[in-house]
Q: 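Before I ask anything, let me first share the structure, which is written out below as structure tokens.
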2 protein chains.
Amino acid sequence: MTTRRANIIADAIEQEILTRKLADGDRLDEHRLAERFDVSRTPIREALQLLQASGLVEHHPRRGVFVRQPGPIQLLEMFEVMAGLESMCGRLAASRISDAGIEELQKQNTICREAVATQDADMYFAANERFHHTIYAHCGNNFLELETLQLYRRLKPFRRQQLHLRGRLQQSLDEHEGIVEALSKGQTDKAASALLQHVAVQGEKFHRLLALSAIKAAE
Amino acid sequence: MTTRRANIIADAIEQEILTRKLADGDRLDEHRLAERFDVSRTPIREALQLLQASGLVEHHPRRGVFVRQPGPIQLLEMFEVMAGLESMCGRLAASRISDAGIEELQKQNTICREAVATQDADMYFAANERFHHTIYAHCGNNFLELETLQLYRRLKPFRRQQLHLRGRLQQSLDEHEGIVEALSKGQTDKAASALLQHVAVQGEKFHRLLALSAIKAAE
DNA sequence: GTCAATATTATCGTATACAAGAATTAGATT
DNA sequence: AATCTAATTCTTGTATACGATAATATTGAC
């Protein structure tokens, strides 16, 4: 069903939700959106349905659709699952990854190292993303890869935030080295636990960010 | 967006896909479906979109939607992920489950035992489902619970098949005992590995079934 | 002045009509 | 007879119109 146009519209709205231009609870009016994108309500409704399927939006019958920003608890839950999925990818990839895959990981890691040296967070983030996606791609399980990518996309804006914490870039890079080593040696358990830690710590760091902003808000 | 009616229609079609009444590649004609469910094409298209989101159906632009039965490889992949998710649930539940939760698990296990004694596969399957769902419910991660439930639903018909293999009922029950023990003692690693095994073996058994039917088909 | 009830308005849910593109069939030509 | 082309038909994609429901505003009574 997903028509091309609806996908474009959904992506546009998704961007605005992920970048917080649309706040939690904001109502998405079909007429306004139709006018704004210069289409009828039909493709708008399709787009909204897509957003609902990926959980970014909530539908109340006969009321309308409302953007649903995940609360801190749900975010932590999602990071917990993300860690589990990446760990799963790592475990499988450890016994299935090719030499070319290892090389690709090392290449991205080199870029990361460079980024740390120049304190270039953007560059780090991009290479980091390719690093993780490479692991997914070599887990030998297409279904797992897609599921993991989907959750990655959803957490992407939040993963990014915590990278700005002081020292996190270097720490993240160190963890990458350990992950590559485990993968190249085919150490399934080590790869799994290293990735679990690597991603889980992001959830925790993120948690710290939340606590900090809560304190600031209270002051 | 998901209107009530579209959900009902989607469920009906989903049932037919899962029970193989609709075969892989079958085209779903909007007009026919509209006529059959006595609604207009609009809610039909909504329902098809829902099915697409859950991966049961594929959409080719300007061509139509086609049912997409997972092939053997994808099924194995899905079982692999299922095992990982259940394992994750088990690991978390081991440190988070309540006494009431343990009691519930034991209760379902008692029913399972009874079902094995009377060789009642239906009864076993129902109690087995509640057993697993109880674990999901006590992992303390609502997001994980929902994701796991979603995949469970999709694999349900295939999980069922392999239970009919000789001796599998008893074996499954034995594994349940081990799982409950690990959970009640708070042994996170043991609970995780026990569940990983318990579910992964289903994928393997299912694989055996596939091989058997392939041999039969070749004869 | 406040509360309640009713009327009005706005928005969603569904049906239908129309447009555009793909598939199929029929006809013509080689 | 086979193949290529053109035309028709069938199906999807989109717009719009209509009906139903819920939110809101207004009016009247206490």
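Each chain gets a letter, A, B and so on, in the order the sequences are listed, and its residues count up from 1.
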Q: Would you mind reading off the bend of the helix from C/dG1-D/dC30 to C/dT30-D/dA1 from its two end axes, five pairs each, to 10 degrees?
A: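 Axis-to-axis angle, ends of the helix: 0°.
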Q: Going by an N to O cut-off under 4.0 Å, is there a salt bridge joining A/Arg154 and A/Glu14?
A: no
Q: Mind checking salt bridge (Lys or Arg N to Asp or Glu O under 4.0 Å) for B/Glu104 and listing every partner two or more places apart, or none if nothing turns up?
A: none
Q: Under a 3.5 Å cutoff, is there a donor and acceptor pairing between the side chains of A/His198 and A/Glu86?
A: no
Q: When the distance from CD of B/Glu35 to P of D/dC10 is rounded to whole Å, what number comes out?
A: 14 Å
Q: Return each pair, listed once, that meets salt bridge (Lys or Arg N to Asp or Glu O under 4.0 Å) where at least one residue sits in residues 60-69 of chain A; pairs must be two or more places apart or across chains.
A: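 Matches after skipping sequence neighbours: A/Glu58-A/Arg68.
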Q: Any chance the rings of B/His133 and B/His138 have centres within less than 6.0 Å?
A: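 B/His133 vs B/His138: aromatic centres not under 6.0 Å.
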Q: What is the 5' to 3' range of DNA chain C, first to last nucleotide, that sits under 4.0 Å from any heavy atom of chain A?
A: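 Listing 5' to 3', DNA chain C meets chain A from C/dT11 to C/dT14.
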Q: Check this for me, if you would: do A/Arg96 and B/Glu80 make a salt bridge, where the nitrogen-to-carboxylate-oxygen distance has to be below 4.0 angstrom?
A: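 Counted as a salt bridge, because a side-chain N and a carboxylate O are separated by less than 4.0 Å.
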Q: Between the side chains of A/Glu129 and A/Arg159, is the shortest nitrogen-to-carboxylate-oxygen separation below 4.0 Å, so that they form an ion pair?
A: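 So A/Arg159 does not pair with A/Glu129 through a salt bridge.
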Q: For nucleotides 12-16 of chain D, tabulate all protein N/O to nucleotide N/O atom pairs closer than 3.5 Å, reporting atom names and distance.
A:
from: D/dT12; atom 1: OP1; to: B/Arg27; atom 2: NH2; distance (Å): 3.3
from: D/dT12; atom 1: O2; to: B/Arg62; atom 2: NH1; distance (Å): 3.2
from: D/dG13; atom 1: OP1; to: B/His59; atom 2: NE2; distance (Å): 3.2
from: D/dG13; atom 1: OP1; to: B/Arg62; atom 2: N; distance (Å): 3.2
from: D/dG13; atom 1: OP2; to: B/Arg45; atom 2: NH1; distance (Å): 3.0
from: D/dG13; atom 1: OP2; to: B/Arg45; atom 2: NH2; distance (Å): 3.3
from: D/dG13; atom 1: N7; to: B/Arg41; atom 2: NH2; distance (Å): 2.9
from: D/dG13; atom 1: O6; to: B/Arg41; atom 2: NH1; distance (Å): 3.0
from: D/dT14; atom 1: OP2; to: A/Thr3; atom 2: OG1; distance (Å): 3.2
from: D/dA15; atom 1: OP2; to: A/Ser40; atom 2: N; distance (Å): 2.6
from: D/dA15; atom 1: OP2; to: A/Ser40; atom 2: OG; distance (Å): 2.7
from: D/dA15; atom 1: N7; to: A/Thr42; atom 2: OG1; distance (Å): 2.9

Q: Which pairs pass ring pair (Phe, Tyr, Trp, His ring centres under 6.0 Å) with one or both residues in residues 61-100 of chain B, sequence neighbours excluded?
A: B/His60-B/Phe66, B/Phe79-B/Phe206
Q: Could you check whether B/Arg36 pairs with B/Asp38 (Lys NZ or Arg NE/NH1/NH2 to Asp/Glu carboxylate O, under 4.0 Å)?
A: no
Q: Of A/Arg130, A/His176, A/His132, which is the lone residue that meets side chain to side chain donor-acceptor pair (under 3.5 Å) with A/Gln108?
A: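 With A/Gln108 as partner, A/Arg130, A/His176, A/His132 yield a single side chain to side chain donor-acceptor pair (under 3.5 Å), made by A/Arg130.
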